[in-house]
Amino acid sequence: MSTPSFLLSLSFLFLSFLSISLSQQPPKGYLIDCGATSKTAIDDREWLPDEDFISTGSSKNLTVPRLIPTFSTVRSFPLQNNLRRKFCYTARVYKGARYLIRTAYYYGGVNGVNFPSPPVFDQIVDGTFWRVVNTTEDYRKGSTSSYEAVFEAKGTTMSVCIASNTYTESDPFISSLEMLLLGDSLYNTTNFDSYALSLVARHSFGHNRSVISYPDDLFDRYWEPYAENVSVIASNNTPSVSGFWNIPPSKIFESALSTDQLEPLELRWPPLSLPNSTYYIALYFADHRDSMLSGSRVLHIHINEVRYISNLEVTSAGAAVFATRWPLEGQTKITLSSAANSNASPLINAGEIFDILRLGGRTHTRDVIALNAMKSSLRNPPLDWNGDPCLPLNYTWTGITCFEGERIRVVTLNLTSMGLSGSLSSSIANLTALTGIWLGNNSLSGTIPNLSSLRLLEVLHLEDNQFNGDIPSSLGEVRSLRELFLQNNNLTGRIPDSLVGKPGLDLRYV
């Protein structure tokens, strides 16, 4: 069977390909203990309390005995009328760098006896929907749950958000968050300008002990043991890993799955049914024998009977194959068979599979900066004013509507009767796509800023607040303005000539 056209990239990597200096230092980034109030040291690595990364939610302690510190506290977020709302952790990052994002959850009955099962909710990174969090089955078994993805930082900050959805029945929560810097070579066959990777499975085949992670894996990826009813063989040769793009830990090559004879090796992997999507697949191999003395080990590999690669020569130096875009749905079978010129049975050491996520984009930087400055000038901004203001489109900030065109812009701002106090930042004038502003019936004070740059503004409602000072004459320069409501404030002075008799303007002042 011929190689399918949807296999866009298949690379062979042998250990002489790349020279990388590997360090035993912990991966750089953030280990965040959600809900904790002080630093915690675990295995000589420091976990930070989360108060510097998020400004909303409640810290709660779990009463479940014998929990490790990062699962003994959670941060919980208020559910209100099943509204789509997101609550975001924001951290400073290196623009253009690749990050492993890992979230972990243990419910512990934190929402009380009326909600014995964990809530189901969403995860979002910047403006991209990542996946649904459903820890119900793990919690029933007494287990924790974790999710992992790889994203490239598009700016100097990155947000990881917990988001309540219409199916969320109680307060969503999170136990821990890791944001770890990856090496430049890792997963570099993916176009991170347009996509991210969401981990489906990562297994060390033949390994039946604890999860392999840091310090064996320099980037603290989790390689789970894999139980399968086939032979496990120990390796006499553990290759260096510095030549693999993805730099797997050398420990995965200490054992492998194999067959007794030259018969094919079949794996039901990953061990779950997959939704219809496109996947990144990486498989790792190393011959446990001295190839110079033992002859050749050559493999054919098929996925669901479709040829993945033919005549892959596996030596003690190691090899890896990558498919960057492979469509899958349902149960998956990987078949490894010996080529005609092979004198050894098939084997496999490890594998990774990721769902390929299309990025959701980002709100125009000008608008993000302006809204964050406005948020800073308010004493009590809406709780969900964090993360990307417009994206995902189902999770726009409270009071915000956006236009999704070539540039994603904020077009209206409606915070009527939100109980807001503080002042109205002059940065609002930088939201140059605004057509309507409704801020009536709040307790905003200070002067009204110059809004002459808002050339598209048609409606401005500032009534029933505590604004003082003069009415800015610059409002007369906004030619499209047709409604200007200023009544019931502490404004002084006369109405500017630029507004008196302005054609088509409904002006309410007293």
Side-chain angles (χ1 to χ4, degrees), residues 3-13 17-18 20 27-29 91 93-103 123-131 147-161 179-202 219 221 243-248 270 274-284 303 306 308-309 319-329 332 351-365 368 387-388 390-393 404-408:
T3 301
S5 60
F6 48 73
L7 180 58
L8 300 183
S9 174
L10 185 63
S11 302
F12 307 94
L13 294 174
F17 179 84
L18 184 65
I20 299 176
K28 295 180 179 179
V93 293
Y94 296 104
K95 183 177 180 180
R98 215 161 290 157
Y99 282 82
L100 180 151
I101 309 295
R102 183 161 53 229
T103 54
Q123 292 184 129
I124 294 166
V125 176
D126 288 335
T128 300
F129 172 79
W130 174 5
R131 63 175 298 172
Y147 300 83
E148 182 184 311
V150 179
F151 281 82
E152 184 177 273
K154 302 305 179 184
T156 57
T157 62
M158 182 179 288
S159 295
V160 180
C161 310
M179 304 175 69
L180 303 176
L181 189 64
L182 294 176
D184 291 341
S185 70
L186 269 67
Y187 311 112
N188 64 0
T189 55
T190 298
N191 176 12
F192 284 98
D193 289 336
S194 301
Y195 300 98
L197 299 176
S198 178
L199 182 67
V200 175
R202 181 187 291 116
F219 303 100
R221 294 165 296 184
F244 289 111
W245 285 346
N246 288 353
I247 317 180
L274 297 176
N276 184 11
S277 189
T278 305
Y279 295 87
Y280 170 105
I281 306 171
L283 303 176
Y284 303 92
I303 298 179
V306 178
Y308 183 76
I309 188 65
V321 290
F322 303 86
T324 60
R325 295 182 62 81
W326 192 286
L328 291 172
E329 182 179 13
T332 303
E352 297 178 275
I353 181 168
F354 294 85
D355 190 4
I356 300 174
L357 304 179
R358 179 174 288 277
L359 296 181
R362 291 168 63 92
T363 302
H364 195 291
T365 302
V368 175
D388 190 283
C390 292
L391 295 171
L393 288 176
E404 188 180 14
E406 182 178 350
R407 292 183 174 182
I408 299 169

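Excluded from the calculations below are hydrogen atoms, water molecules and symmetry mates; all remaining heavy atoms, backbone and side chain alike, are included.
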Taking atom [atom1] of [X] and atom [atom2] of [Y], what is their separation to the nearest 0.5 Å?
X      : Y      : atom1 : atom2 : value
Met158 : Lys95  : CE    : NZ    : 12.0 Å
Leu328 : Ile281 : CG    : CD1   : 5.0 Å
Glu352 : Leu197 : CD    : CG    : 9.5 Å
Leu274 : Tyr279 : CG    : OH    : 4.5 Å
Arg98  : Asp184 : CZ    : CG    : 6.5 Å

task: May I have the step-by-step check of side-chain contact (heavy atoms from CB on, under 4.5 Å) for Leu357 and Phe151, ending in yes or no?
output: CA-CA 10 Å; Leu357 304 179; Phe151 281 82; 4.2 Å; yes

message: For the residue pair Arg325 and Tyr195, would you count it as a cation-pi contact if the rule is NZ or CZ under 6.0 angstrom from the ring centre and within 45 degrees of the ring axis?
response: yes

message: Going by the rule salt bridge (Lys or Arg N to Asp or Glu O under 4.0 Å), which residues pair with Asp388 if we only count those two or more places apart in sequence or in a different chain?
response: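 Testing Asp388 for salt bridge (Lys or Arg N to Asp or Glu O under 4.0 Å), a comparison that skips the adjacent residues, returns none.
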
Could you report the tightest heavy-atom contact between [X] and [Y], atom names first, then the distance?
X      : Y      : answer
Glu329 : Asn276 : CD-CB, 3.6 Å
Ser185 : Trp245 : OG-O, 2.7 Å
Ala91  : Met179 : CB-SD, 3.9 Å

Neighbour count above 12 (heavy atom, 6.0 Å) for Asn191 CG: yes

message: Suppose we screen for side chain to side chain contact (heavy atoms under 4.5 Å, CB included). Which residues come up paired with Ser159, at least two apart in sequence or across chains?
response: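 For Ser159, the residues satisfying side chain to side chain contact (heavy atoms under 4.5 Å, CB included) (neighbours in sequence not counted) are Cys88, Thr90, Asp126, Cys161.
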
- prompt: Are Val150 and Ile101 close enough that some pair of their side-chain heavy atoms sits under 4.5 Å apart?
  reply: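 A side-chain contact under 4.5 Å is absent here.
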
field: Pairwise side-chain contact, Glu152 with Asp193, heavy-atom cut-off 4.5 Å (strictly under)
entry: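 Yes. Closest side-chain heavy atoms under 4.5 Å.
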
message: Assess the residue pair Val160 and Gln123 against the criterion (side-chain contact (heavy atoms from CB on, under 4.5 Å)); give the C-alpha distance rounded to whole Å, side-chain angles, the decisive distance to 0.1 Å, and a yes or no.
response: CA-CA 7 Å; Val160 180; Gln123 292 184 129; 5.8 Å; no

query: Yes or no on side-chain contact (heavy atoms from CB on, under 4.5 Å) for Leu359 and Phe192, after CA distance, side-chain angles and deciding distance?
result: CA-CA 9 Å; Leu359 296 181; Phe192 284 98; over 6 Å; no

Where the side chain of [X] meets the backbone of [Y], is there a donor-acceptor pair that is under 3.5 Å apart?
X      : Y      : answer
Arg358 : Ser194 : no
Tyr99  : Tyr94  : yes
Thr363 : Cys390 : yes

task: Before giving the answer on side-chain contact (heavy atoms from CB on, under 4.5 Å), spell out for Phe219 and Leu100 the whole-Å C-alpha distance, their side-chain angles and the decisive distance to 0.1 Å.
output: CA-CA 8 Å; Phe219 303 100; Leu100 180 151; 5.6 Å; no

task: With sequence neighbours excluded, tell me which residues meet ring pair (Phe, Tyr, Trp, His ring centres under 6.0 Å) with Phe354.
output: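 Checked Phe354 against ring pair (Phe, Tyr, Trp, His ring centres under 6.0 Å); matches are Tyr187, Tyr280.
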
Under the rule for side chain to side chain donor-acceptor pair (under 3.5 Å), what residues qualify as partners of [X], not counting sequence neighbours?
X      : result
Glu148 : Arg102, Arg202
Ser277 : Asp355
Thr128 : none

